[in-house]
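Written out below as C-alpha cells is the structure these notes cover.
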There are 2 protein chains.
Amino acid sequence: MKAKLLSVLAEPNRLDIVELLRNGPQPVGEICNKLKLHQPQVSKHLNVLSKAGFVEVHPEAQQRIYNLRIEPFQEIDTWLNSYRKFWKDSFDRLDDYLIKLQEDEMKKKGKSHGKKK
Amino acid sequence: MKAKLLSVLAEPNRLDIVELLRNGPQPVGEICNKLKLHQPQVSKHLNVLSKAGFVEVHPEAQQRIYNLRIEPFQEIDTWLNSYRKFWKDSFDRLDDYLIKLQEDEMKKKGKSHGKKK
DNA sequence: TAAGCATATTTCTGTATAGGAATATATAAA
DNA sequence: TTTATATATTCCTATACAGAAATATGCTTA
C-alpha cells in the first residue's frame with residue numbers, strides 16, 4: 001500500500017468527485033455544477049485521479065465522460081485486510097477479558113464462544 | 001467519510017508507523033529505531049494519529065506505549081462498502097457484456113449465473 | 001534534591017499543492 | 001471558415017505541513 005494512493009483521496013474536493021462518480025459516469029461540466037467547483041480545478045483534480053488510476057475517460061463529442069475504476073479501491077480493500085486480523089485479535093482479547101471478568105465473578109459456567117488463548 | 005481521516009494516513013512516515021503498530025504496541029523509542037526516524041518527528045506523527053483516533057497511548061514508567069485503535073479502520077471499511085455495490089454493478093455489466101457476446105456468437109444456451117438487467 | 005532517560009513541544013524553514021485567472025485546444029454547429 | 005461549447009493547460013500566489021534543531025516536561029533512581 002502506497003501512501004500516494006491515499007493522498008489522492010485525501011483532498012476533500014477530489015473525494016467529493018469520487019463519491020459523485022459512484023452514481024455513474026459524468027462529464028466534467030456536470031461535476032462542476034453539482035459540486036459548485038470551477039472547471040479548471042475539476043479538470044486538474046480529474047487529472048490527478050486519472051494518473052492514480054481512480055478514473056478513466058471516454059470522449060463523447062466535445063464532452064469527456066469520466067467514470068470510476070475499481071482497481072484502486074480493491075487495492076485499498078486488500079490493504080485493509082491486513083488490519084482485519086488485527087481487529088480479530090482485538091476482539092479475541094476483549095473476549096478474553098470479558099470471560100475473565102465472568103470467571104472471576106461467579107466461577108460457574110465455562111465459555112460459550114470461541115477463545116484463542 | 002471525511003477526507004481528513006485519509007489525509008492522516010496519506011503521509012508516508014505516518015503510514016509506516018501505523019503498519020509497524022500492526023505487530024503490536026510499541027514505545028516511541030522502538031518506533032524511532034525501527035523506522036530510523038528522529039524522535040520529535042515520531043512524537044508529532046503520533047500526536048496526529050492520536051487526534052484522529054488511530055492510536056492510543058498507555059504510559060509505562062517514563063515510556064509511552066502506543067497501540068492501534070480499530071475504530072478508524074472500521075470507518076474506512078464502512079466507507080469502502082459503499083463502493084462494493086459499485087464493484088458488483090461493474091461486474092454485472094461485465095457479466096452482461098460477456099453474456100451478450102456469448103449470445104451473439106452462438107445463440108444457443110441461456111445464462112448460467114445471476115444477471116440483473 | 002540532583003541526575004538521567006524517554007518523550008513532548010516550540011520555532012524556524014523549505015516544499016508541495018490547491019485555487020484563481022487567463023489562455024489554449026478540440027469538437028461541433030452555423 | 002467563423003463561432004460556440006467543453007475541457008485542458010499554464011502561470012501565479014498563498015497556505016499547510018513535514019523535517020531539523022533546540023528546549024521543555026515528566027518519571028525514575030540515587
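To find a chain, count down the sequence lines: A is the first, B the second, and so on, and within it residues start at 1.
- For the OP1/OP2 pair of D:dA6 and a distance below 4.0 Å, the side-chain nitrogens and oxygens of A:R64 include no atom meeting the criterion.
- The interatomic distance linking A:H58 (NE2) with D:dT7 (C1') rounds to 17 Å, in whole Å.
- An OP1 or OP2 oxygen of C:dA18 is reached within less than 4.0 angstrom by no side-chain nitrogen or oxygen of A:N13.
- In this model, the phosphate group of D:dC17 is not approached by any side-chain N or O of B:H45 to a distance below 4.0 Å at OP1 or OP2.
- Between B:R64 and B:E60 no salt bridge is recorded (no basic side-chain N to carboxylate O distance below 4.0 Å).
- If you take NZ of B:K51 and P of D:dC17, they are 11 Å apart, rounded to a whole angstrom.
- Proximity of A:H38 to the phosphate of C:dA18: no side-chain N or O atom is located under 4.0 Å from OP1 or OP2.
- Between the CG atom of B:L49 and the P atom of D:dC17 there is a distance of 14 Å, rounded to whole Å.
- Among the nucleotides C:dT27, D:dA18, C:dT17, the one closest to the side chain of A:K4 is C:dT17.
- In terms of polar N and O atoms assigned as donor or acceptor, the side chain of A:Q39 never comes within less than 3.5 Å of the base of D:dA6 in a complementary pairing.
- C:dT17 atom C1' lies 17 Å from atom CG of A:L46, rounded to whole Å.
- Residue B:L20 holds its CG atom at 9.0 Å from CG of B:L68, rounded to the nearest 0.5 Å.
- The shortest distance between the side-chain N/O atoms of A:Q41 and the OP1/OP2 oxygens of C:dG20 is below 4.0 Å.
- Candidate nucleotides D:dA20, D:dA6, C:dG19 were compared by shortest atom distance to the side chain of B:K44, and D:dA20 ranks first.
- As a whole-Å value, the separation of A:L35 CG from C:dG19 C1' is 15 Å.
- Taking for each of A:V48 and A:E60 the nucleotide of DNA chain C with the nearest heavy atom, the 5'-most of the two is the partner of A:V48.
- The pair A:K36-A:D16 does not count as a salt bridge, with every side-chain nitrogen at least 4.0 angstrom from each carboxylate oxygen.
- Under a 3.5 Å cut-off, the side chain of A:E11 and the backbone N or O of A:N13 do form a donor-acceptor pair.
- Distance check, rounded to the nearest 0.5 Å: CG of A:L35 to CD of A:E19 gives 10.5 Å.
- The phosphate of D:dA6 has neither OP1 nor OP2 within less than 4.0 Å of any side-chain N or O from A:Y66.
- In the set C:dA8, C:dA18, D:dG19, the nucleotide with an atom closest to the side chain of A:E11 is C:dA18.
- Contacts of B:P40 with the nucleic acid, taken as non-hydrogen atoms under 4.0 Å apart, include base atoms.
- Following rounding to the nearest Å, A:K36 (NZ) and C:dG19 (C1') show an atom-to-atom distance of 18 Å.
- Protein atom CD of B:E30 is 17 Å distant from nucleotide atom P of C:dC5, rounded to whole Å.
- Across the protein-nucleic acid pair, A:L15 atom CG and C:dT17 atom C1' stand 17 Å apart, rounded to whole Å.
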